[in-house]
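What follows is a single structure, written as structure tokens, with notes after it.
First listed ligand is number 1; within each ligand, the first listed atom is number 1. All values derive from a computational prediction rather than experimental measurement.
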Amino acid sequence: MITMEDIIREGNPTLRKVAEEVAIPLSDEDIKLGEDMMEFLKNSQDPVKAEELALRGGVGLAAPQLDISKRVIAVHVPSNDLENPEPTLSAVMYNPKILSHSVQDACLGEGEGCLSVDREVPGYVVRHNKITLSYVDSAGEKQKIRLKNYEAIVVQHEIDHLNGVMFYDHINQQNPFALKDGVLVIE
Ligand SMILES: Cc1nc(NNC(=O)[C@H](CC2CCCC2)CN(O)CO)c(F)c(N2CCN3CCOC[C@@H]3C2)n1
Ligand code: NI
């Protein structure tokens with residue numbers, strides 16, 4: 001089971017590497033990796049387990065954060081309306097690839113954090129508002145989906161990790177909260 005001890009922190013060179021694609025058909029090892037990553041996210045969002053296991057909350061995780069330089073990410077984004085608790089996006093993605101994106105940009109109003117960064121780095125992280133994404137799912141099937149807003153932001157943060165990019169690389173050093181016209185701020 002993955003806990004915070006398994007998550008490497010900034011300074012570890014693996015976080016700055018471009019990760020390798022995983023072989024298709026998926027190996028049992030890579031399928032287990034995806035399952036363990038998804039389990040971590042669910043545990044981190046369960047108040048009891050998160051407390052027991054001292055987990056920081058997470059809605060996404062990338063294999064390089066486990067010192068595994070493979071193109072595997074997991075996302076588990078809960079819906080924010082308490083009526084239907086179904087997650088809006090829950091998937092393990094192998095070899096995810098952004099095929100196209102909107103001209104429209106967006107950022108989270110609260111900025112971003114990272115389980116591999118033990119400090120606050122304030123500022124807007126401007127990303128694409130909408131993306132069309134292909135990936136191989138844990139059944140080995142090719143998927144092609146369109147995401148927007150919060151879900152699109154989360155997936156872009158994770159895919160950045162596969163390319164050695166950290167969220168603060170996107171923050172405007174001169175003025176961290178500078179925003180070009182038309183950037184959607186997602187609260
Ligand atoms: C937005 C948010 N980021 C949390 N953490 N950071 C992460 O997930 C990092 C990845 C996210 C940072 C910004 C975009 C992607 C992890 N990363 O570094 C992976 O590369 C949260 F924990 C969180 N939520 C809201 C939903 N809540 C449901 C109940 O449980 C607590 C949970 C808290 N929302
Ligand atoms: Ni991160």
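Put simply, the side chain of D169 gets close to the backbone of M166: a donor and an acceptor are under 3.5 Å apart. A donor-acceptor pair is defined here as one N or O able to donate and one able to accept, closer than 3.5 Å; such a pair exists between the side chain of Y94 and the backbone of D30. Remark: the backbone N or O of R9 is not paired with any side-chain donor or acceptor of S116 at under 3.5 angstrom. Looking at E39, its side chain never comes within 3.5 Å of a backbone N or O of E35 through a donor-acceptor pair.
For ligand 1, the atoms closer than 4.0 angstrom to any heavy atom of Q65 are 17 (N), 18 (O), 19 (C), 20 (O). Interface atoms of ligand 1 facing C114, defined by a heavy-atom separation under 4.0 Å, are 18 (O). Within ligand 1, counting atoms from 1 as listed, the ones closer than 4.0 Å to a heavy atom of G60 are 8 (O), 16 (C), 17 (N), 19 (C). Within ligand 1, the atoms closer than 4.0 Å to a non-hydrogen atom of G57 are 4 (C), 5 (N), 6 (N), 21 (C), 22 (F), numbered from 1 in the order shown. For ligand 1, the atoms closer than 4.0 angstrom to any heavy atom of E112 are 13 (C). Remark: ligand 1 atoms within the under-4.0 Å shell around heavy atoms of P78 are 26 (C), 28 (C).
Counting only heavy atoms of the protein, atom 32 (C) of ligand 1 lies nearest to Q45 CG, 4.3 Å. The protein heavy atom nearest to atom 24 (N) of ligand 1 is V59 CG1, 4.0 Å. The single protein non-hydrogen atom nearest to atom 9 (C) of ligand 1 is G113 O, 4.1 Å, given as residue, atom name and distance. In terms of protein heavy-atom proximity, atom 10 (C) of ligand 1 is nearest to E158 OE2, 3.5 Å. At the top of the distance list for atom 2 (C) of ligand 1, counting protein heavy atoms only, stands Y150 OH, 3.9 Å.
D160 and H170 share a donor-acceptor pair across their side chains, judged by distance under 3.5 Å alone. A donor-acceptor contact closer than 3.5 angstrom links the side chains of T132 and S100. In summary, the side chains of S90 and H76 do present a donor paired with an acceptor at a separation below 3.5 Å, with no hydrogens or angles considered. For T3 and E5, the side-chain atoms include at least one donor-acceptor pair closer than 3.5 Å.
Every N/O-N/O distance between L108 and ligand 1 stays at or above 3.5 Å. Residue S44 has no nitrogen or oxygen atom sitting less than 3.5 Å from a nitrogen or oxygen atom of ligand 1, judged on distance alone. Annotation: H161 places an N or O atom under 3.5 Å from an N or O atom of ligand 1; distance criterion only. Considering backbone and side-chain atoms together, L115 places an N or O closer than 3.5 Å to an N or O of ligand 1.
How far CD1 of I98 is from OH of Y135: 13.5 Å, rounded to the nearest 0.5 Å.
Within the 4.0 Å cut-off (strictly below), a protein heavy atom is located near atom 19 (C) of ligand 1.
Tested against L184, the residues V126, N129, D105 include a single side-chain contact (heavy atoms from CB on, under 4.5 Å) partner, N129.
At the Ni ion (ligand 2), the vertex angle linking SG of C114 with NE2 of H157 is 120° (nearest 10 degrees).
Both tests pass for R119 against the ring of Y168: distance under 6.0 Å to the centre and angle within 45° of the axis.
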